[in-house]
Novice: 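Attaching a single structure in structure tokens format; questions to follow.
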Amino acid sequence: MTAHRILVLGGDGVGPEVTAQAVRVAQWLIARCGIPLELVEAPYGMSAWQAHGAILPDPTLAAVRNADAILFGAIGDYPGVPVEIRRAGSVLRLRRELGLFANLRPVRYWSPLSASCPLRAEVAGGTDIAIVRENTGGLYFGTPRGTTTLADGRRESVNTLRYASDEIERVARFAFELARTRGGRLCSVDKSNVLENGVLWRQTVTALHAREYADVALSHMLVDNCAMQLVRDPRQFDVIVTENMFGDILSDGAGAIAGSLGMLPSASLGAVDAAGHRPALYEPVHGSAPDIAGKGLANPIGAILSLALLLRHSAGVPDVAAMLEAAVEGALSGGARTADIAAPGEPVIGTVAMGDAVLAALEAALRARG
Ligand code: IPM
Ligand code: MG
């Protein structure tokens with residue numbers, strides 16, 4: 001089996017710290033389980049901007065195109081850096097250039113975190129949702145966009161929510177396929193009571209359902225109602241599919257179910273090409289968190305669970321992914337808590353110690369297997 005080439009882009013803020021723990025886990029899987037992964041790092045982010053004059057230097061972009069999968073940390077805000085330079089290096093450009101149209105954000109309830117989860121166990125216990133966020137269109141990328149000065153001196157900004165039906169269909173198809181591998185239910189989220197694009201979204205998903213996915217139970221929900229339902233009764237959801245910015249907002253909100261945004265992983269996936277390869281980028285949802293960067297405090301679980309998604313969706317070893325997810329749960333059951341997931345009075349550990357706890361749980365799992 002040829003090795004799976006993973007490009008590691010730590011990026012900014014807490015990105016390098018949390019990614020380093022995912023890399024340790026990957027190295028453990030290579031050494032102890034013989035998983036054929038090959039890890040390469042490349043400069044990306046503020047440090048690349050300072051050293052090479054670009055957030056995403058050309059050699060890094062070439063490596064991105066050459067990799068089987070990308071393990072991504074975080075990208076910062078860059079106050080003072082011109083907007084064109086920021087855009088040229090942003091993760092949004094990577095998502096768009098690689099055609100990563102489906103952003104999968106699994107959200108689950110973690111029983112060991114019941115004391116720190118803001119939602120009661122009676123409400124959220126057992127929740128297991130896959131949010132599929134459209135990732136290369138909609139309000140984030142639609143044109144026209146920009147800011148102009150009007151004749152009377154007022155400034156005006158425009159962004160556009162635009163989707164063609166084929167863009168809606170391909171992400172809906174991804175979500176239907178995913179639903180078939182899980183609970184068999186898909187909730188499509190839109191704003192069809194106000195936006196024409198929401199009407200097209202709903203019509204397109206409905207037509208695809210009738211044509212090809214009648215075995216999946218499809219429902220529709222307005223996005224404002226969905227925001228409420230996610231905290232009121234999150235167990236009602238299996239797979240959710242929605243527009244780019246709606247998915248951005250709903251997935252942060254859903255982070256509360258997992259106890260902390262620091263727990264959430266994501267996978268950005270493209271179409272499978274003729275050679276059977278699917279471009280993919282894996283990143284924790286939390287972002288660069290500049291307030292705690294460099295202090296060794298950040299929760300690396302979002303990054304470690306992103307590696308688990310890589311193992312499942314790129315490396316084709318779902319059993320190893322499940323073992324890693326179980327090890328994370330084991331570490332939490334054993335009391336490992338970074339500050340973001342600690343209940344009052346619980347002892348807090350740092351980023352590296354959380355990595356240690358997950359590795360210890362993996363070792364224990366391997367020994368138990370014999
Ligand atoms: C996310 C983040 C990004 C987004 C930012 C950092 C551009 O919030 O991945 O959810 O808005 O997509
Ligand atoms: Mg976001």
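Both ligands and their constituent atoms are indexed starting at 1 by order of listing. Hydrogens, waters and symmetry mates play no part in the numbers below; they use all other heavy atoms, side chains included.
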Novice: Using protein heavy atoms only, decide if any is under 4.0 Å from atom 6 (C) of ligand 1.
Specialist: no
Novice: Hey, is D248 one of the residues with a heavy atom under 4.0 angstrom from ligand 1?
Specialist: yes
Novice: Between E325 and R312, is there a salt bridge with N-O shorter than 4.0 Å?
Specialist: yes
Novice: To check your reading of the model: name the closest protein heavy atom to atom 11 (O) of ligand 1, its residue, and the distance in Å.
Specialist: Y140 OH, 2.5 Å
Novice: Would you call the rings of H209 and F176 parallel, tilted or perpendicular if under 30° counts as parallel and over 60° as perpendicular?
Specialist: parallel
Novice: Restricting to N, O or S, what is the name of the atom of D248 that lies nearest the Mg ion (ligand 2)?
Specialist: OD1
Novice: May I ask you to check whether R232 and Q229 show a side-chain donor-acceptor distance below 3.5 Å?
Specialist: yes
Novice: Do M228 and N225 have side chains that approach each other closer than 4.5 Å (heavy atoms only, starting at C-beta)?
Specialist: yes
Novice: Under 3.5 Å between any N/O of R95 and any N/O of ligand 1: does that happen in this structure?
Specialist: yes
Novice: Contact between R133 and ligand 1, counting heavy atoms under 4.0 Å?
Specialist: yes
Novice: Taking NZ, NE, NH1 and NH2 as the nitrogens, is one of them in R5 or D68 under 4.0 Å from a carboxylate oxygen of the other?
Specialist: yes
Novice: Is any side-chain N of the basic residue among E243 and K191 closer than 4.0 Å to the acidic one's carboxylate O?
Specialist: no
Novice: Answer side chain, backbone, both or neither: which part of R105 comes under 4.0 Å from ligand 1, heavy atoms only.
Specialist: side chain
Novice: Where on H286 is there a heavy atom closer than 4.0 Å to ligand 1, on the side chain, on the backbone, on both, or on neither?
Specialist: neither
